[in-house]
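Atom set for the values below is all heavy atoms of this structure, side chains included, hydrogens, waters and symmetry mates excluded.
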Amino acid sequence: MTALSISQNAWAEIERDEQRFRRTLLTVALPFLILSILIPLYELTGLQEGGGDELPARYAQLLLDNAQRRQEQPKPEPVIEEPEPEEVAEPE
């Protein structure tokens, strides 16, 4: 009778292990499955041709004007200081 009771408990233990495994698998795999479906559907603006948000026309024009003004400004010429000749003392 002892062998029979051990055998039945062993099967019950295996069933509990299987249920625990399925529950864990469902808990882990379901979020990954949902994310693997949703992520490809989400469009990223940075990956589109041209990428990023479009600038308003006025702002873009201001940026261009600013860049042109910087190019037109004369750059100051570096001031080269010539060393003064050293005075040589004349022998008396």
Side-chain angles (χ1 to χ4, degrees):
M1 179 113 176
T2 312
L4 182 59
S5 64
I6 292 175
S7 175
Q8 289 175 350
N9 286 339
W11 285 109
E13 187 69 29
I14 291 173
E15 287 295 322
R16 282 196 301 265
D17 288 344
E18 286 291 323
Q19 288 176 352
R20 188 178 324 133
F21 173 74
R22 287 186 188 121
R23 186 172 52 243
T24 304
L25 181 65
L26 184 65
T27 303
V28 171
L30 188 61
F32 282 107
L33 180 65
I34 292 171
L35 286 175
S36 67
I37 292 171
L38 293 179
I39 287 176
L41 297 176
Y42 184 71
E43 292 184 19
L44 299 175
T45 58
L47 296 178
Q48 294 174 354
E49 188 175 328
D53 296 330
E54 291 186 27
L55 296 175
R58 177 67 185 142
Y59 184 67
Q61 186 62 38
L62 287 173
L63 288 177
L64 289 174
D65 291 344
N66 190 17
Q68 288 174 353
R69 263 189 258 124
R70 273 190 275 149
Q71 289 176 354
E72 292 173 359
Q73 286 179 350
K75 295 181 180 164
E77 295 182 20
V79 178
I80 301 174
E81 295 183 19
E82 296 180 16
E84 295 181 17
E86 295 181 15
E87 294 183 20
V88 179
E90 295 180 16
E92 292 183 27

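Here CD1 of Ile39 is found 11.5 Å from CD1 of Ile34. Values are rounded to the nearest 0.5 Å. Distance check: Asp65 CG to Gln61 CD gives 4.5 Å after rounding to the nearest 0.5 Å. Interatomic distance, Ile14 CD1 to Gln19 CD, rounded to the nearest 0.5 Å: 12.5 Å.
Qualifying side chain to side chain contact (heavy atoms under 4.5 Å, CB included) partners for Leu25, counting only residues two or more places apart in sequence or in other chains: Phe21, Ala29.
Dense packing is recorded around CG of Leu41, with more than 12 heavy atoms of other residues, nucleotides or ligands lying under 6.0 Å away.
Evaluation of the salt bridge (Lys or Arg N to Asp or Glu O under 4.0 Å) test over residues 23-34, restricted to residues two or more places apart or in two chains, returns none.
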